[in-house]
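Here is the structure we will look at, set down as structure tokens.
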Amino acid sequence: MGSSKSSLRHIPNAQELIQDTGFSAAHIQRLYERFDLLDRDQMGRLRVPDFEAISHLAMNPIGDRIIAAFFSPGKDTVDFPSFVRILAHFQPTDDNRTRDSSGKEPYNSPNRKLQFAFQLYDQDGDGKISRAELLQVLQEMLGMQVTDELLQSIAERAIQEADLDQDDAISFDEFKKCLEKVDIDQKMRIGFLS
Amino acid sequence: NVIFYLFFLLLCIRDVVGSDFCLIAGPMRRCGHGHCWLLGTLAFFYLVLLSGVEADAKSDHHSENGHHQNASSISGIPIVTFKWHHVETPYTVALWIIVAGLCKLVIEANHHVTNVIPESALLICSGFILGGMVWGADKKQTFKLNPTVFFYYLLPQIILDAGYSMPNKLFFTNLGGILLHAVIGTCWNAATVGLSLWGCHMGGAMGDLDIGLLQYLLFGSLLSAVDPVAVIAVFEQVHVNEVLFIMVFGESLLNDGVTVVLFNVFDSFVSLGGPAINAAEIVKGIISFFVVAFGGSLVGLVFGLLLSLLTRCTKNIQIIEPGFVFVVGYLSYLTAEMLSLSAILSITFCGVCCQKYMNANMDEKSVTTVRYAMKVLANGSETMIFVFLGITAIDKTIWVWNTGFILLTLLFVLVYRVIGVFFLTWIQNKFRLVPLDLMDRIIMSYGGLRGAVAYGLAALLDENKIKEKPLMIGTTLIIVYFTVVLQGITMKPLVTWLKVKRATNNELTLIEKVQNKVFNHMLVAIEDISGQKGNNYMRDKWTHFEEKWMSWFLMKPSARKKHDHLFNIFHMINLKDALEYVDKGESNGTLEFIRNDTAFIDFKKNYEDDFSDVSMPDLTIDMGDDTIANPYARRDAVPSISLEMHKQTNYGLRESENINTHHLLQQHLYKSRNQHRFRYSRSHFDLNQDENEVQEIFQRTMRNRLESFKSAKLGVAPPKPITKHPRKDTQKKMPNGKSTEKRSYYSGDEDFEFSEGDSASGYFPRVTHRPGTGIENPSFMPDLDPRAPVQIPPWLAEGELDSTAGVAPSQRAQAGLPRTPSNLNRLAPLRISTRSTDFPTSSSSQQSNELPPPPSPPPYHPHKI
């Protein structure tokens, strides 16, 4: 641990990040190495092409969406703290930390996790998953195997299932309600090596 | 047959009679209150059976005597001979199966009891009673659970069922943990129980016994395995969360390999004797473990793939394709047994491996058949096993009591299970993403049920090498009873008391399914980005490989297209809706809305009141139409005023609807022919109607279609005579197949006043029938599906009567038209063509004789397009 502590000095805002995200110092250290590796031009920022260079990610049907989720609106780069904060969504939920230092919900709370999942659908950011948006996701995931008509009827059906206020779109609350039986914490969890 | 003889060393018939008598008394005592009707039926059944058997018994004695007398000289031909000995074995087997089944029936009749005491425990108890009867009648136990019968005839189907219905994803995600428990846990149990017992023996806790260290270890190893049958039986009724279930269940299946190896190794060690064991032998033992376990699994995989391949090409023999599953599964079991590999592992993996491809390849009906048959077999043999476990106990010869030995064994088995589970889960939790909590661990330790496998192995012990075999069998039985009965009973309260996470009853929702897929992709992506290679990475790799190669190789091309789970869910939801829809419609009295626009609106309205949220839009939305995004907008297209009017005159309309229906039925319902041809085919469920009928339906469909287009074009104008004969054109175009489906119907009628495009797009702007989408305009649905029997709306049919010319039936249809006098009237609308008037008036029987036999389809089959 001593060595990793010492090398944490290279990392900007390391202590704050640990406070903020619940990652251990070793996690941060490791993620920084990864960040460094991805950051091919050593600018301290990642661009979309940096992500696209990850070979397996190119095969992922919703890879583009995941990449887009790393960039806050209007920006075309992502720095290390934002990178870590996005990944923090995939930490196991910590029951003891219901509020972080600044009084916000921590990233790894089930609610925040769901929000992350929700925004993958909601590309235009209007707080609702429209039918077209859902259809797009379906097409990306299943597009090759089936006809458009079938996908459309699936999207239609899915919207109807979730749509409680009859506005032909799924709002975040509706989304949450649909998935309340699912253990979000377990579904959105990754074993981060330290 | 030899095996059956071993098993059912027959009682003489008197004893069967005796036990049957007592069986009636047994349930009565147990059930006590209520269910008199059931007992009544049961008693009646038994009386019938008894009188039969008793009569048999008498005549048996009689004929035996007669036989002896007549042995030398046959005086005449006996009219009836009684040959009990010819049928003895299968007869007894069948009787026992029925008896076991009836036990289950009686037990399941009262849910108050089964809610408290698990079924398996009750079955064992009823086994005690039955065993008591046999003992009472026979003074010895003639029926026992014989290891051969158990391992070869009762166990395989249970394991096959377990493998076939295994939740694969869950199983493979937890495989690491399961293996840890199955391998290390089982070894731990075997070693500690054996060693501790030996220690106690040395300490003098159990008196004078002739058991050495190796024998103790052998005994420990046969007791080490958690029993799949018992675990399934108990955990099925206690709905614990799925991870916990798969841990216990998977362990019970996979530890068989270990148990078999341990048992064999120690068995040969015992034969070799202590001094002959050296390091080389021990190494061999360890190697044999890997060979047996992995070899068994490999055999299973091979057979599973074989089975998948086989079902890929059984299109033409659909009726027997379910049979392959059982036979190939059983073969994999026997093959592994033959090669002295783990048979249970083999059949498990056979089931696990083939399920996906088989379900995709086989016809939906076959899949259902397999599923049900599998359950029937598995449940049946499970019942048999528990009943016989009970019966076996009622036998003086196996009970050698040694309080110290029995109690200590019980104690060690329980204690070491707990220690083992806690230790192993502690290790496991270091690697698990979702750790197992304390409650899970407690239930896992408590779920270590021993069962028939342990007893079967104990019964296999060699008496010559192990002097205390009866004691060991007795102890094993006590442990089995203790775990199955006592732990089984207390499992449910314990789970409730500890507030163990229960299984969520997951209702199918599409959005959840979609979201699950998104989750999976998301996790893989995040792992990629953060540079980890975890479970998700492996699973993703496997999925890719599977989709690319395995599916290509093992799945029918047609099945491959939509094997995604999402479509299954979608299909099932739609199916459920459709059923609900029909139910609802029928409870309203009619499904006539399919033909009748107004009734449909009425129905829709009612239906929406009840199910305001879902379902209906599915059936009414035209998915192809993107301009109208809101399904509810479409409904507004129906003039609201008509709805209201409709509501007011609801009653009157209902009445007239009824009249219409009756009229319609009388006019058009197909009456049975005088000569009803019953068709029996061993190889097909032939749902196809009489050929005449099919022809006629086609004719009606054609005419109906033309009529509707005509009236569509002309509005309220009376139907115009159609002079053109559509037959030759349709005949010409039919073979084109489905793609031209719609076109071909109208293409023959160019002399209509309207063009085809006009008819399709002008009048019916919304009728676009696509597979998978809803029905937009139900009144025209029959037109779009030529195979559906179509009935002509009454107003059209009446109009038809006036017209002088109509569509002439095709030649074939003419030949096949039924001509009984009563039918002539009913079919009047059809016979208005100019050509049909000169029908020969022959009798219908002659006609049907002229027709080709039903199974061979005629070359020209318009209804098959």
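Quick caveat, the model's predicted, so the values are computed rather than measured. Protein chains get the first letters and strands the later ones, always in sequence-line order, with residue 1 at the start of each.
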Heavy atoms only, distances under 4.5 angstrom: which of F175(A), F116(A), F70(A), Y121(A) has the most pairs with chain B? Name it, please.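 The option with the most such pairs is Y121(A).
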
For [X], is it the side chain, the backbone, both or neither that has a heavy atom under 4.5 Å from a heavy atom of chain B?
| X | answer |
| --- | --- |
| F35(A) | neither |
| I170(A) | side chain |
| L120(A) | side chain |

Atom pair CD (E140(A)) and NE2 (H521(B)), whose distance is rounded to the nearest 0.5 Å: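 It is 10.0 Å, given to the nearest 0.5 Å.
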
Nearest non-hydrogen partners of I62(A) and V518(B), listed with the distance: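 So the two residues come closest at CD1-O, 3.8 Å.
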
If you count every heavy atom of other residues, nucleotides or ligands that lies below 6.0 Å from K128(A) atom NZ, does the total exceed 12?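 Count not over threshold, so no.
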
